[in-house]
Amino acid sequence: MTQQHLTLTYERLHSIEAFPTDEQTLIRAAQAACHTAYAPYSGFWVGAALLLANGEIVSGSNQENGAYPSGLCAERVAFFQASSRYKDVPILKAAVVAYSPQSGKHLPANPCGGCRQVMVEYEQKQAQDIGLIILAEPEVYYRFERVQTLMPFGFVADFLKQA
Ligand code: THU
């Protein structure tokens, strides 16, 4: 038996102004996207914005449904939209924030497991890192160099080749 240790590296930033300009723009796009959420059941609005290699910003928000599992998270709305609108244009960076219409405040929201799974596959497909910025604590952003960091030991499409 050998004991292994895993180290995750990320940056903590306490304000939008601490980011470079392109990332500030991306965070503000994610904030704006929150307001397009359709979330009548949770009242929890999530916005995601992606910066693509062609300079486009593609954003998405959570879209709920009365048949609950039919809804989709903001991250997947954004990633699927980017991939279907701009096939094979690499995604450079993503920002994710949530918002409470009740309090009028932005909220922490770490991506769920399903969204991590989807983001990692796009990162592997394009063989290029996708930087990820999330509002992870009240007023504190976490910045990851690649989404893979959030999904150690995940299921990857390569496993299917062994079948
Ligand atoms: N949600 C997202 O949009 N992204 C996540 O990563 C986690 C959760 C949404 C789904 C649902 O509409 C609401 O937040 C409450 O779970």
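Just so we're clear, the structure is a prediction, and the values are computed from it rather than from any experiment. In each ligand, atom 1 is the first atom listed, and ligand 1 is the first ligand listed. FYI, the numbering just counts along the sequence from 1.
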Peer 1: Atom CD of residue position E121 - does it have more than 12 heavy atoms of other residues, nucleotides or ligands inside 6.0 Å?
Peer 2: no
Peer 1: Would you indicate whether E139, at its atom CD, is surrounded by more than 12 heavy atoms from other residues, nucleotides or ligands within a distance under 6.0 Å?
Peer 2: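 Open: at most 12 neighbouring heavy atoms sit under 6.0 Å from CD of E139.
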Peer 1: Quick one: which residue pairs count as a ring pair (Phe, Tyr, Trp, His ring centres under 6.0 Å) with a foot in residues 45-67, not counting sequence neighbours?
Peer 2: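 Those involving residues 45-67 are H35-W45, W45-Y99.
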Peer 1: Identify whether L52 and V118 are in the same connected component of the hydrophobic contact network (ILVMFWY, side-chain heavy atoms under 4.5 Å).
Peer 2: yes
Peer 1: Could you pull out every protein residue that has a heavy atom closer than 4.0 Å to ligand 1, ordered by chain and then number?
Peer 2: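 Residues S42, F44, V46, N62, E64, C73, A74, E75, N110, P111, C112 each place a heavy atom under 4.0 Å from ligand 1, listed by chain and number.
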Peer 1: The criterion is side chain to side chain donor-acceptor pair (under 3.5 Å); which residues satisfy it with S103, sequence neighbours excluded?
Peer 2: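 S103 satisfies side chain to side chain donor-acceptor pair (under 3.5 Å) with S100 once adjacent residues are dropped.
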Peer 1: Report all side-chain donor-acceptor pairs from residues 6-13 shorter than 3.5 Å, counting only partners two or more places apart or in another chain.
Peer 2:
{"from": "E11", "atom 1": "OE1", "to": "R143", "atom 2": "NH1", "distance (Å)": "3.4"}
{"from": "R12", "atom 1": "NE", "to": "E137", "atom 2": "OE2", "distance (Å)": "3.3"}
{"from": "R12", "atom 1": "NH2", "to": "E137", "atom 2": "OE1", "distance (Å)": "2.9"}
{"from": "R12", "atom 1": "NH2", "to": "E137", "atom 2": "OE2", "distance (Å)": "3.0"}

